2 protein chains.
Amino acid sequence: MVYSYKDILAELRREGYKITPQRRAIIQIMEATESHMTPLEIYSRTNSSSGISLVTIYRTLDTLEKAGLICQFNTQSGHTSYLLRRPRSHHHHLVCSVCGLVVNIGECGLEEVEERVSKDTGFKIVSHTLDMSGVCPECQKNNRQTLGRDFC
Amino acid sequence: MVYSYKDILAELRREGYKITPQRRAIIQIMEATESHMTPLEIYSRTNSSSGISLVTIYRTLDTLEKAGLICQFNTQSGHTSYLLRRPRSHHHHLVCSVCGLVVNIGECGLEEVEERVSKDTGFKIVSHTLDMSGVCPECQKNNRQTLGRDFC
DNA sequence: ATAATAAGTGAAAGTCTTTTTCATTTAGCG
DNA sequence: CGCTAAATGAAAAAGACTTTCACTTATTAT
Ligand SMILES: [Zn+2]
Ligand SMILES: [Zn+2]
Ligand SMILES: [Zn+2]
Ligand SMILES: [Zn+2]
C-alpha cells in the first residue's frame, strides 16, 4: 500500500489528530525522500524555513508511528535509529559496511524458515528482520576494505 | 570456536592488554552466562562484591570487542543494546514481543538467499542478521497480546 | 464569524545511557 | 624493588530523547 501526503493527512484526521503546519511540513519532508531519516535529519531540513522545534519532530514522529504511518529502524551496527515512512511492501536492507550505502531487498522467501523455527520453538512467529551486510560494487571497485565481522 | 576464560586472558595478553582484577571479574561474569547482557546487568552482578565502576565495565566491553572476544547486539525494538561473548557458531535470535524472552536459532539456511541478492545487487555479501519476532509458548498460553507490527 | 476547548507547540529542565577528563593506582617488566 | 605506561574511578560532559508547563492554535459548536 502506498501512502500519499493526502492519505496521511486523512488518516491523521480520521484518528482525531489535528493537522498543524508543523505536521504538514514534517510529512512533506518524509514524503520527499525515499530513504531513512533520523529526527535530526528531518530537523535540519525544516529548521531554517519554518522554525519547527526538534521536540515537535520527536512528537510528530511518535504520533505518525502510533498511527501506523511510519516505522522505526535501528541498525545492527549501533545506536543510530532511523525512521522512515511505511514501505510499499515487506522488504529488507543490504548495507555496505564500507560506505554505509543502504539498498532495499524485496522477496526474502523466509516463509519456510519461519515455519521450521515455529515448529522447533513453539513460538507463533509474527515478523522478522533480515539485514545483510557486505561491500557495494563501488567500494569493491575502489578496493576499499570492509569492516565486516561476524554478527552475533 | 569456543573461548574459555583462559583463552580470553591469553588473547588479551597477546594483544598487549593488562590483566586486571576488574577484567577478570567481568570476563568471568560473561563466561558464566549463556545469554546477552547489558553493561548495567554486568555491573549489577559485580557491584556488591568487588566495587567495579560502571565506567570500567563500558571500557572493558569496548576492549573485549576490539579484541574480537565479544560482540554487540542491538535489538530491533530499541535502544537496549546487548552485549554477548562470541557465539560458538553462526546463529540468530527469536524474541518474544510480549515478555522479551530471547531464544537462539541455529541453521538459518540463507546461503541461497545471499547468492540471489548478490547477483541482483552486485554486492559482495559478507554477513547477515536475521531476527524473528513472535509470541513464545508461555505468552500464548496466557493469551497475552503481542505488540508486534510489521518491521521496515 | 466567534467563542470555547482540547490538542499541539516551544523553551527549558530533566532522564538515561554512554563518553571524556583527569588525578590516582596498578600491572608488567627489567 | 622501582619505573612506566596502561587502567581505574569520580565527576563532569555529551548526546539523544522525554517531560513539564505556560502559551498558542486547530477544530467544533454556537
Ligand atoms: Zn560501499
Ligand atoms: Zn522477509
Ligand atoms: Zn513471551
Ligand atoms: Zn544466518
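Here is the naming used below: chain letters follow the sequence lines, and residue numbers restart at 1 for every chain. Quantities reported herein were computed from a predicted structural model and do not represent experimental measurements.
In terms of heavy atoms, B/Ile52 sits closest to B/Ala25 at CD1-CB, 3.7 Å. Considering every non-hydrogen atom in both B/Val103 and A/Phe123, the closest pair reads CG2-CE1, 3.9 Å.
Residue B/Gln22 places at least one side-chain N or O closer than 4.0 Å to OP1 or OP2 of D/dG9. Between C/dT9 and A/Thr20, a contact under 4.0 Å exists linking OP1 or OP2 to a side-chain N or O. When the side-chain nitrogen and oxygen atoms of B/Thr56 are compared with OP1 and OP2 of D/dG9, one or more of them lie within a distance under 4.0 Å.
In this structure, A/Leu40 reaches neither bases nor backbone, as no heavy-atom distance under 4.0 Å exists between it and the strands shown. Across all strands shown, A/Arg59 has heavy atoms under 4.0 Å from base atoms, whether or not it also approaches the sugar-phosphate. Among the protein residues, B/Ile19 comes within range of the sugar-phosphate backbone only, with heavy atoms under 4.0 Å from sugar or phosphate atoms but none that close to a base.
Here the P atom of nucleotide C/dG10 and the CD1 atom of A/Ile52 are 7 Å apart, to the nearest Å. Distance CG (B/Leu9) to C1' (C/dA27): 13 Å, rounded to an integer number of Å. Atom OH in B/Tyr58 sits about 16 Å away from atom C1' in D/dA10, given to the nearest Å. We find that CG of A/Leu61 is positioned 15 Å from C1' of C/dG8, with the value rounded to whole Å. Rounding to whole angstrom units, CG of residue B/Leu12 and P of D/dA6 are separated by 15 Å. Atom P of nucleotide C/dT9 and atom OH of A/Tyr43 are separated by 14 Å, given to the nearest angstrom. Rounding to whole angstrom units, CG of residue B/Leu54 and C1' of D/dA11 are separated by 14 Å. Regarding A/Lys66, its NZ atom lies at a distance of 13 Å from the C1' atom of C/dA7, rounded to whole Å.
Using a 4.5 Å heavy-atom threshold, the side chains of B/Leu40 and B/Tyr43 count as touching. No side-chain heavy atom of A/Ile105 sits under 4.5 Å from any side-chain heavy atom of B/Asp120.
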Report the C-alpha distance between A/Leu130 and B/Leu110 in whole Å, list the side-chain angles of each, state the deciding distance to 0.1 Å, and finish with yes or no for side chain to side chain contact (heavy atoms under 4.5 Å, CB included).
CA-CA 10 Å; A/Leu130 169 65; B/Leu110 251 61; 3.3 Å; yes

Quick one: do A/Arg23 and A/Thr63 satisfy side chain to side chain contact (heavy atoms under 4.5 Å, CB included)? Show the steps, please.
CA-CA 10 Å; A/Arg23 286 179 177 170; A/Thr63 300; 3.8 Å; yes

Please report the C-alpha distance between B/Leu12 and B/Ile27 in whole Å, then the side-chain angles of each, then the deciding distance to 0.1 Å, and finally whether the side chain to side chain contact (heavy atoms under 4.5 Å, CB included) criterion is met.
CA-CA 11 Å; B/Leu12 283 181; B/Ile27 294 164; 3.8 Å; yes

Going through the distances and angles, do A/Ile29 and A/Glu41 end up as a side chain to side chain contact (heavy atoms under 4.5 Å, CB included)?
CA-CA 10 Å; A/Ile29 289 167; A/Glu41 279 167 355; over 6 Å; no

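Taking five base pairs at each end of the helix from C/dA1-D/dT30 to C/dG30-D/dC1 and finding the rotation axis that steps the C1' atoms of four pairs onto the next four gives two axes whose angle is 30°, to the nearest 10°.
The hydrophobic clustering, which links ILVMFWY residues whose side-chain heavy atoms are closer than 4.5 Å, places B/Leu9 and B/Met30 together. The cluster map of Ile, Leu, Val, Met, Phe, Trp and Tyr, joined by side-chain heavy atoms under 4.5 Å apart, puts A/Tyr17 and A/Leu61 in the same cluster. Tracing side-chain contacts under 4.5 Å through hydrophobic residues (I, L, V, M, F, W, Y), one reaches B/Ile26 starting from B/Leu54; they form part of the same cluster.
Comparing D/dG9, C/dT18, C/dA27 by their closest approach to the side chain of B/Ser53 singles out D/dG9. Listed nucleotides D/dA10, D/dT8, C/dT17 differ in distance to B/Val55; the shortest reach to its side chain belongs to D/dA10.
Of the residues listed (A/Val126, A/Thr121, A/Ile125), the one engaging B/Met132 in a side chain to side chain contact (heavy atoms under 4.5 Å, CB included) is A/Ile125, and it is the only one.
With hydrogens and angles ignored, no donor-acceptor pair closer than 3.5 Å exists between the side chain of B/Arg13 and the base of C/dG28.
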Pairs: protein N or O with nucleotides 2-5 of chain D N or O, under 3.5 Å:
residue: D/dA5; atom: N3; partner: B/Lys18; partner atom: NZ; Å: 3.3

Collect all protein-nucleotide pairs involving nucleotides 28-30 of chain D in which both atoms are nitrogen or oxygen and the distance is under 3.5 Å.
none

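Between A/Pro21 and B/Arg23, it is B/Arg23 whose nearest contact on DNA chain D lies nearer the 5' terminus.
In the model, A/Ser50 has a side-chain atom that pairs as donor or acceptor with a side-chain atom of A/Thr46 under 3.5 Å.
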